Each structure stands twice: as structure tokens, then as C-alpha cells.
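We use all heavy atoms of the structure for the numbers below, so side chains are in, but hydrogens, waters and symmetry mates are not. Residue numbering restarts at 1 for every chain, and letters A, B, ... go by the order of the sequence lines. What you are looking at is a predicted structure, and each value in this text was computed from that prediction instead of being measured.
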Amino acid sequence: MSLLEVRNLRKSFGGVSAVADLSFELNSGEMLALIGPNGAGKSTCFDLLSGQLRADAGRVLLEGRDIATLPPQSIWQLGVARTFQVPAIFSSMTVRENVQMALISRHRAVWRFSRPASALFRGEADTLLAEVEMARQAERAVGVLAYGDLKRVELAIALAGSPRLLLMDEPTAGMAADARGALIGLARRLVRERGLAVLFTEHDMEVVFGAADRVLVLDRGALIAAGDPAAVRENQRVRDIYLGVE
Amino acid sequence: MLSVEQVNVFYGRAHALHEVSFSLARGETLVLLGRNGAGKSTTLKALIGLLRATSGRIVFEGHDITRSESYRIARLGLGYVPEERRIFPDLTVAENLLVGRRAQRDGIAPWTPERLFALFPNLAEMRDRPGARMSGGEQQMLAIARTLMGNPRAVLLDEPSEGLAPVILDQLVAAIRALREQGVAVLLAEQNFRFAARIAERAALIETGRIAWSGTLQELAADGGLRGRYLGV
Amino acid sequence: MDFLAVQFLTGLASASSLFLVAAGLTVIFGVTRVVNFAHGSLFMLGAYIGWSILTRLPREPGWFALGVLGAAGATALLGVMLEAIVLRRVYRAPELFQLLATFGVVLMVQDATLAVWGPNDLSLARPAWLRASVAIAGQRFPAYDLFLIGIGPLVLLALWLLLHRTRWGVLVRAATQDREMTAALGVDQRLLFSAVFALGAGLAGFGGALSLPDQSANLQMDLSAVVEAFVIVVIGGLGSLPGAYLASLLIGLLQAFGIVFVPRATLVLVFVAMAAVLLIRPNGLLGRPLAPGQITQEIRPVIRAAPTTLKWLGLACLVLAIVAPFFAGPFLLSVLTECTIAILFAASLHVMMGPGGMPSFGHAAWFGLGAYAAALAVERGGASTMVALLAAVLVPGIFAIVFGWFVVRLAGVYLAMLTLAFAQVVWAIAFQWDALTGGDNGILGLWPGGWLRSAPAFYWLTLAICVGGALVLRRAMMAPFGYALRATRDSTRRAQAIGLDPRSLRAAAFALAGAAAGLAGGVFAFAKGSVFPGYAGIGRSVDALVMVLLGGVDTMAGPIVGALAYTGLYDVLLLATSQWRFILGLAIILLVMAFPEGIAGATRRFWLRGREA
């Protein structure tokens with residue numbers, strides 16, 4: 001059984017179809033890229049998988065269990081973590097506290113009043129920050145971080161949930177070229193070492209074709225191509241979409 | 001008529017534009033080509049004053065507009081058609097046009113709703129329809145028409161082709177060509193190369209907030225490698 | 001039946017009066033997105049100016065009309081000045097600060113009006129034509145009210161034509177829907193905003209002057225008018241004129257019939273109606289969700305542990321407060337008691353507004369509930385002081401948990417309005433349910449019993465309860481719960497995406513804040529020896545709001561500093577000058593402009609001086 005199985009997923013907004021009859025599978029230890037032009041439905045698709053939006057129809061099976069109607073909190077508890085296109089972080093906290101917050105939630109310590117939050121799971125938070133190369137900035141306010149660093153913090157927050165499935169919405173947008181490589185390299189390592197499954201969107205085609213095991217191409221909400229990177233790259237319809245149809 | 005000199009823009013914390021420079025001559029059509037998130041929309045927003053450049057200079061028709069407010073820039077004759085079109089949803093087609101109306105300018109035949117309805121025949125049939133009940137293509141036409149009501153000398157068009165059916169694209173191409181014949185300069189932001197190739201003379205490739213290449217459209221059309229690197233898969 | 005018909009007409013007439021004020025408020029909000037608390041002051045000024053003009057004119061209908069229009073014009077002018085001098089400087093400030101600044105205006109206008117027109121109610125001598133009445137279904141009905149019935153729809157029609165048939169109106173509607181795009185099309189919004197403000201203020205002044213034949217101009221009409229107008233605008237849907245008219249009809253008729261069928265619950269009725277409408281239609285009758293213009297994430301300062309200096313300073317203050325009874329006289333001791341209670345009250349509101357991100361305009365509800373719970377426990381149940389104080393925690397706490405569970409899904413202004421509605425319901429029950437609460441006379445003779453009878457003993461108890469309570473709240477905010485609450489406020493999406501449940505967190509914060517405010521109210525009841533409906537009144541809610549904003553929302557010390565500064569300033573001003581409202585109002589406005597992050601926030605910025613927070 002695949003870790004994630006999406007069947008006939010649909011979502012429309014005010015009559016406009018954002019995701020139309022989307023089906024795909026994703027296995028543990030696999031890195032799957034979701035690409036497509038603006039408005040193709042990538043972010044909507046992410047929101048449907050993580051419970052931020054509710055699908056009009058279709059099923060999202062995580063190890064066979066339908067999670068399509070669960071709220072985001074519950075989906076997270078089942079081991080699905082995500083990052084957002086525009087980083088969603090807690091701006092009134094330090095870098096470390098952001099990660100501690102996620103750890104507190106995972107260890108179900110939200111309603112514990114015996115110790116201040118900033119003293120809980122410090123070591124674990126620092127280990128995660130070291131993984132994303134943010135250990136030296138642990139004490140800084142996230143509000144002053146560079147954009148690329150925010151993306152790293154967000155990744156550490158997502159990893160704090162010990163996910164089986166990681167959804168990354170444009171993880172490298174706003175980062176310099178070498179930093180992009182490093183971040184995607186980290187994601188690849190996690191996939192290999194922990195058997196994590198990763199679904200990500202990305203505009204940098206070098207990153208997509210360098211890192212993904214398989215690529216899905218969306219256009220106007222519909223899946224128009226899927227397969228290994230080389231095949232997708234040669235696909236005429238994909239080329240048309242990217243360069244524009246005459 | 002429009003010159004952009006070493007402009008830097010920050011989007012919150014992200015350094016969105018790095019030392020962007022280009023210029024646009026009277027009656028010319030220039031296309032900024034790049035993928036999603038490359039900095040196309042940011043550039044146009046900085047020009048119309050919706051985002052502030054932290055350094056650099058933007059000069060339009062001899063006026064330094066780097067720090068000007070949007071409405072002053074628009075009154076100087078720089079029109080803006082945003083990517084999301086931003087039609088006023090509760091206003092009818094005719095009312096949307098009314099908002100855009102500004103005094104006529106020397107040397108430009110004033111746009112009237114009648115002239116615009118001739119250019120975009122679809123709109124003529126729905127004068128009293130609220131913006132919220134129009135299709136994407138119709139909204140795009142209206143967004144352009146609304147901006148033209150200000151009798152601009154130059155127009156910024158942000159991804160007008162996005163999500164439009166081929167037959168609508170043809171109308172759009174005709175309309176933009178008609179503008180050029182009026183002497184209106186057009187700065188187009190696009191990721192659709194084939195659409196851009198039908199209307200633009202010059203192109204600039206933009207990636208991660210930097211202008212990576214600029215030249216004529218013929219040059220770009222001849223260089224498949226360049227296109228593939230900055231636009232393709 | 002005939003009687004009902006007349007009540008119906010009375011309802012329609014009052015609906016018209018309500019609509020005139022609400023229409024101005026909703027037009028101003030639609031375009032500028034400013035919640036203008038001073039709108040009631042404009043209504044009041046319209047009435048006073050109208051009085052000054054009309055008493056100098058011949059008492060003929062033609063001159064009356066001219067005088068009313070003159071008052072409307074003068075109020076419009078004052079509105080433009082208000083917009084240019086105060087509001088233009090706070091358009092970019094957070095919603096609550098705009099509200100605070102306009103509240104400063106309310107205070108200043110109150111004192112200015114008092115200085116110009118004096119403390120007495122001013123009524124218009126009514127000539128024969130104003131006293132005329134017509135026979136309707138066998139009953140006599142005032143002709144002037146018939147005229148009012150017609151005015152409402154006429155004004156609605158005129159506004160509709162103005163907004164739909166003139167270019168100016170189309171521009172106003174465009175700006176209401178998308179300000180940025182309107183600017184990008186070359187429209188100068190400053191002029192537009194000023195003009196809209198003139199229109200809204202003019203309508204308020206018009207309504208004020210027209211109210212003169214039915215009621216005298218008085219110094220209390222500003223707050224009652226603005227609260228009614230808020231209720232109507234919220235029921236109708238923010239920014240919707242037809243909605244405001246519908247809501248005016250609803251409230252006008254509810255009041256007219258309510259006074260017949262449930263005379264004891266007229267005040268409650270209005271707010272229950274608002275709560276019911278909002279629970280069914282969270283955006284009001286004809287309202288729509290506000291255009292997403294401000295979904296960009298706000299960067300808020302990091303909250304860190306207090307620096308050592310501050311801790312020592314706090315400890316020194318506490319020691320000073322503990323030994324105070326040995327050298328302080330009774331007056332100073334009573335000021336200190338009030339300050340201490342204010343600390344807990346402000347800290348409880350801070351839990352909601354700061355980490356909770358939930359603005360409340362009705363925090364006095366919990367304060368009042370606590371005070372009445374304690375008073376009734378003593379009076380009816382013969383409870384001891386300590387048991388009464390326990391009731392002051394439990395009763396509001398339980399109400400807050402139930403109320404909170406229903407309202408926390410609402411956001412921003414709507415949530416603030418529902419909290420206001422609840423506070424008004426509590427106030428109205430205290431005011432109208434004589435048998436239980438003693439009504440306006442309150443419950444007297446509530447002195448602490450037993451060992452607490454000595455003034456120093458009760459003072460020390462107050463200090464222990466209030467400072468202890470504030471420390472417990474602080475602890476909760478530093479615990480995972482407080483962080484999770486803040487996480488939910490900073491980014492709801494992210495909070496959900498790491499498994500936090502915003503609804504239960506917010507409801508818990510609501511309950512905690514309600515219980516703590518109730519405790520403050522209970523202690524206050526014993527400190528004053530009495531309870532009155534005013535404990536749950538708007539004035540007290542605003543006090544709490546001002547304390548928190550003055551101190552600074554984004555610091556933990558903010559509410560404490562704000563409570564001390566506001567209570568201290570208030571007491572000193574009250575002693576030193578009769579124009580204390582004017583000075584307090586001015587101080588609030590200047591503070592909002594100079595230190596939008598509050599006293600504690602500004603101090604922190606000065607402390608850090610460019611270093612990274």
C-alpha cells in the first residue's frame with residue numbers, strides 16, 4: 001500500500017475549478033515534485049491534503065485511512081507536516097521558541113503548567129535547528145530573519161512533528177542558488193535516512209529535475225503529465241504549457 | 001519615456017528586486033519574461049507606487065516618481081493593469097470604466113466607453129453587469145479598458161494571458177496592437193513566450209529579481225537554449 | 001390593535017432617527033475602515049449646535065429646516081477637521097488604536113461641550129406646529145414623528161442616488177472595495193476620505209439636530225448614540241447602507257414593542273437581537289466578509305523574560321506597596337487599592353487582547369458579574385467575604401467559558417461588538433432587574449467582614465489577591481498554554497498545521513480572562529462597599545481598554561504599567577482640574593500618535609536602542 005493515495009480529488013471556488021479529478025500516489029522514501037504554471041492548483045492541492053481546505057469530492061488516503069474530511073490539527077497528528085508558500089511562522093517568538101512550540105504540541109504538553117514553555121524540549125529544538133543550519137540564530141526573533149532563513153525555520157517546525165509525509169510549498173523561493181541546493185539536499189537526505197515521503201512544488205526547474213524521483217504536472221487544476229523527470233521534460237504538452245500555446 | 005535605474009525592492013524581508021534597470025521608449029512594447037516568482041509583478045508594482053523601491057530611481061516623462069504616491073503616478077499617464085485584474089466586484093462594467101476616467105492628454109485621442117466597446121465588443125453587451133459576475137477573460141478586457149479610460153501614455157500589463165482561452169488571447173493581441181498604433185507604450189510582464197512574441201519588440205528575461213538578459217524578440221526567438229533556461233521546463 | 005398600530009409607527013419614527021446616525025458611521029467605516037467612536041460626539045454636537053441656531057431663529061417650519069441643515073453643515077465641517085487633525089495620522093495604525101484615538105476625541109468633545117453649553121440639558125421650546133398631532137386609528141400621533149418616518153427612507157434614497165448616480169459616489173464605492181486599485185487609477189484618496197467624513201459627520205449632525213423636538217440636548221447622548229449606531233451597523237453588516245436601514249427598523253420596532261410587552265427587558269432585547277443576528281450571520285444581515293486587504297502577516301515584537309533591572313524595580317514597588325499602610329493616609333490607601341485592582345483587571349483583558357489576539361469592548365461584563373456575584377452571595381446567601389470572592393471567580397468564569405465557546409470563531413470588530421453586546425446585557429439586567437440587583441440604586445453596605453474589617457488588613461488582602469492573580473495570569477502566559485495562544489494569534493494556519501486547536505485555546509483564554517476580571521470586580525465591590533450597574537458599563541470597559549493599550553499590548557509589563565499610569569493620571573487629574581476629560585483625551589490622542597506601542601513598548605524600544613530584540 002502507498003503511504004499517500006489521492007483519488008479523484010476535486011475543489012472549485014465559485015464555479016471555477018481549482019483542482020479537477022486529481023489522482024496520484026506517493027510512497028515512503030520517495031520525493032515527488034508538483035509543478036505547473038501560476039494558477040495551476042498546486043497550493044490548493046496542498047491545502048486539500050493538509051486539511052486547510054476541504055475537498056468537494058474525492059478521497060485522500062493516508063495508509064488506507066481517509067483523511068479528506070479531517071481538520072488540519074488531526075491530519076498533523078497522523079504524521080503529515082507542511083510548509084507554506086509564504087512562510088507561516090510565529091512572529092512574536094524566537095527561532096528556538098517556534099520549534100519548541102511545535103515540539104510542545106507533538107509531546108502533548110500544551111496544557112502543562114508546571115514549567116515555562118521556553119524551558120521545554122530545548123535540546124530537541126536545538127538538534128532540529130542544527131539540521132537546518134539555524135542553530136546559531138536560535139535566540140533571534142524570527143521577525144528579523146532573512147527570507148531564506150524563515151523557510152529553514154519553517155522546515156524545522158515541520159520536522160518537529162516527526163512526520164511520515166512532508167508537504168513543502170515552494171521551499172526555496174527567495175533563496176540564493178547555493179542555499180537552494182543545500183535545502184533540497186537536506187530534504188533528500190531526510191527522505192533517504194528516515195524513509196520520509198516528500199511532496200513539493202518548485203519553480204526552479206534545476207531543483208525539480210535534480211531532486212525529484214517523479215514529477216507531476218498540473219495545468220488549470222488537471223493532471224496533464226506524470227512520470228520520471230526525463231520523460232516529463234520531453235513531454236510536448238508540458239513544453240507547450242511552459243512556453244505558451246500558440 | 002520611462003527609465004528604471006538600479007532599483008532594489010524588498011518584499012517584507014525578502015530582497016525581491018536586485019539592481020533592476022531598463023527603459024521604455026514612446027510607443028514601444030517591452031516584455032518582461034520570467035517564471036513565477038521571478039520578480040515581474042514586483043517590478044510593475046514598484047513602478048506604479050504600490051511597492052516602494054529602497055534604492056534606485058524611476059523616471060517617467062521627466063518626473064522622478066520613485067517616491068511618488070500611486071495616484072500621482074497614474075495621473076502622470078502611467079496606467080496599470082494588475083495580474084489579478086482587480087475589477088471592482090460590486091460595480092458594473094460602466095461604473096468600473098467611470099472610476100478609471102481621467103482628463104484627456106495632448107496627443108492622445110481620448111478614450112471613451114464607446115471607443116472601448118468597439119475595441120472589446122464583449123463588454124458592450126454587458127454594460128450593467130457587476131464585475132463579480134464576469135468571466136476571467138471578460139474581466140481582463142475590462143481591466144485593460146478601465147485603465148485606458150485614464151488616457152495613459154504608457155500601460156503596465158501584468159500577465160494578461162494568464163488563464164485565458166486561445167480565442168480571447170487573439171482579441172487581446174489585437175487590442176494591444178491597437179494601443180501601440182495610438183502611440184501608447186506597453187510594458188508587459190509574461191511567462192507565456194508565444195503570446196509575448198506576437199506583440200512585443202523587445203524582451204528582458206528576469207530571474208530571482210535580476211534582469212538576466214535583454215535584447216530583441218527576434219534574438220530570443222532564435223535562441224532556444226536561452227528560452228529553455230529561463231522559461232521552459 | 002389600534003394601540004399596536006401606533007406603536008408600530010413610533011417604532012418606524014425611531015428607526016429613522018437611528019438610521020441617520022448609523023448611516024454616517026457605516027459610510028465612514030466602509031471607505032476608511034476606521035471604527036469611529038467619536039461619531040456619537042458628532043451627533044451630540046449636531047444637537048447642541050442645532051439648539052444654538054434654532055433658538056435664535058423664528059419658530060417657523062421653514063426656518064426650522066434651514067436651522068437643522070445649518071447644524072448639519074457645521075457638524076460636517078467639524079468632522080472634516082477631526083479627520084484632518086486626528087484620523088489622517090492614524091489610518092495606518094491597528095484598528096484598536098484608531099478606536100482609542102477616537103475615544104480620546106470623545107473625552108475632549110465632552111469637556112468642550114460642557115464648557116461652551118454648560119451642564120444643563122437644553123431643550124427646544126416647541127411651537128404649536130411642532131406639537132401638532134394627527135388622529136391615527138383613533139389615537140393621537142405626533143405629526144413630527146410622521147415627518148421623521150418619512151425622513152429615513154428619503155435619506156436612504158438620497159444616499160443611494162449619491163453613491164450610484166454620481167461619479168463621486170462610484171469612486172467612494174470603488175474605494176470601499178479596493179483602495180489600492182482605486183489609487184492606481186489616479187484617484188486621490190485623501191480628498192475622498194475627507195469628503196466621506198464630511199458626509200458621515202453631516203448625517204450625524206443632521207440626526208442630532210432633528211432629535212431636538214423629541215429630546216433635549218444632553219452630555220450623555222454621545223455614548224448612547226454611538227453604541228446604538230454600532231449595534232445597528234454591526235447587525236446590518238459593516239459598510240452596508242440598506243443593511244443599516246433594515247437593522248434600524250429591527251431595533252426601532254423591537255424597542256417600540258418591547259416597551260409594551262417586556263418593559264423590564266427593553267435594554268437587553270436590543271443586544272440579544274444583535275447577538276442572535278451575529279451568531280446566525282457572522283457578517284450581519286447584508287454584510288459580506290471584509291475584503292482581504294490585511295492578510296499580510298504583522299510582525300510583532302518578541303516577548304522575552306523581563307530584564308533583571310525590571311524585576312528588581314517590580315519587587316521594590318511591591319515592597320513599597322506592602323509597607324504603605326504604615327505611612328499612607330486613608331486617601332492614598334484607597335488610591336493604591338484602586339490601582340491594585342486595576343492591575344488585575346487590565347492584566348485579564350491583556351490575556352485576551354495580547355496573546356489571545358481577541359479585542360474586547362465589553363470586558364466590564366466579567367468585572368460586573370464578579371462584583372454582583374460577590375454582592376449577592378453576601379446579601380442573599382449570607383456568605384463570608386472569602387466565599388463571596390470565590391463566587392466572584394466562578395460565576396463569571398462559567399459564563400465566560402460558555403459565551404467564549406460560541407464567539408471565538410468571530411474575528412476583529414465583530415468579536416469586539418459581541419463582547420460589547422454581552423456587557424450591555426449584563427449592565428441592562430443589573431439596571432432593570434430591581435428585585436434582584438436593586439436596579440440603579442445598586443446593593444449597598446458590602447463591607448468585608450471579620451478580620452478584614454480593618455483597612456490595612458483588607459488592603460493587604462487586595463494586594464495579595466490582585467498581584468497574585470496577575471502573577472498567575474503571567475505564569476499561564478509563559479506556560480505552553482500562553483505560547484500556544486500566541487501561536488494561534490501570530491499564524492492560525494501554522495498553529496493548526498502543528499496540531500493546535502485554536503477554538504479551545506481561545507475559549508480557555510476567554511474563561512481565564514473572565515474569571516480574573518470577575519475576581520477584580522469582586523474585590524472592588526468590597527473595597528467600595530457597594531455595587532452599581534455602572535460596574536458593567538461601557539465606561540469601565542473603555543477604562544480597561546485604555547489601560548492595556550496605553551501600557552502596550554505586546555509586552556507582559558504593559559497592562560501593569562498602563563493600569564498604574566491610567567488610574568494614577570485619572571485620580572490626579574480628577575483632583576487637580578475640572579477639565580480632566582479634556583486633558584485625558586488629549587493625552588490619549590498624543591500617546592497614540594507618539595507611542596503606538598504603548599508606554600512599556602516605547603520604553604523597551606528605548607532600552608534596546610537599535611539593538612536587536
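- Taking each heavy atom of Ser105(A) and Ile498(C) in turn, the nearest pair found is OG-O, 2.5 Å.
- Residue Ser114(A) touches chain C through its backbone alone, counting heavy-atom pairs closer than 4.5 Å.
- Looking only at distances, no side-chain donor or acceptor of Arg489(C) sits under 3.5 Å from a matching main-chain atom of Phe90(A).
- No part of Ser50(A) comes within reach of chain C, as not one of its non-hydrogen atoms sits under 4.5 angstrom from that chain.
- Going from atom OH of Tyr483(C) over to atom CG of Leu120(A) covers 10.0 Å, rounded to the nearest 0.5 Å.
- Of the listed residues (Ala495(C), Ala497(C), Pro502(C)), the one with the most heavy-atom contacts under 4.5 Å to chain A is Ala497(C).
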- In sequence, state the C-alpha distance, the side-chain angles, and the governing distance for Asn98(A) and Arg494(C), and then conclude on side-chain contact (heavy atoms from CB on, under 4.5 Å). CA-CA 10 Å; Asn98(A) 265 272; Arg494(C) 170 47 72 203; 5.8 Å; no

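- Shortest non-hydrogen contact noted between Arg115(A) and Pro480(C) is O-CD, 3.5 Å.
- Side-chain contact check for Leu505(C) versus Val110(A): some heavy-atom pair is nearer than 4.5 Å.
- Other residues, nucleotides and ligands contribute at most 12 non-hydrogen atoms within 6.0 Å of the CZ atom of Arg108(A).
- Within a 6.0 Å sphere centred on CD1 of Ile401(C), heavy atoms belonging to other residues, nucleotides or ligands number 12 at most.
- Counting heavy-atom pairs closer than 4.5 Å to chain A, the top-ranked of the candidates Gly499(C), Ala484(C), Ala476(C), Ala479(C) is Gly499(C).
- Annotation: Phe121(A), atom CZ; neighbour count of heavy atoms from other residues, nucleotides and ligands within 6.0 Å is above 12.
- Other residues, nucleotides and ligands place no more than 12 heavy atoms under 6.0 Å from the CD atom of Glu133(A).
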- For side-chain contact (heavy atoms from CB on, under 4.5 Å), just list the numbers for Phe84(A) and Ser491(C), CA-CA rounded to whole Å, side-chain angles, deciding distance to a tenth of an Å, and then say yes or no. CA-CA 11 Å; Phe84(A) 292 86; Ser491(C) 171; over 6 Å; no

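- Interface residue Ala508(C): only side-chain heavy atoms are found under 4.5 Å from chain A.
- Put simply, of Met478(C), Arg486(C), Met477(C), the one with the most heavy-atom pairs under 4.5 Å next to chain A is Arg486(C).
- In this structure, Trp312(C) places its CH2 atom where only 12 or fewer heavy-atom neighbours from other residues, nucleotides or ligands lie under 6.0 Å away.
- Note that CD of Gln52(A) is 6.5 Å distant from CZ of Arg493(C), once rounded to the nearest 0.5 Å.
- When each of Gln73(A), Arg112(A), Glu97(A) is checked for heavy-atom pairs under 4.5 Å with chain C, Gln73(A) comes out on top.
- Inspection of non-hydrogen atoms places Glu154(A), Ile157(A) of residues 153-170 of chain A under 4.5 Å from chain C.
- In this structure, the portions of Ala102(A) lying under 4.5 Å from any heavy atom of chain C include both its backbone and its side chain.
- Per-residue heavy-atom pair counts under 4.5 Å with chain C were compared for Gly51(A), Ala117(A), Ser92(A), and the maximum is reached by Ser92(A).
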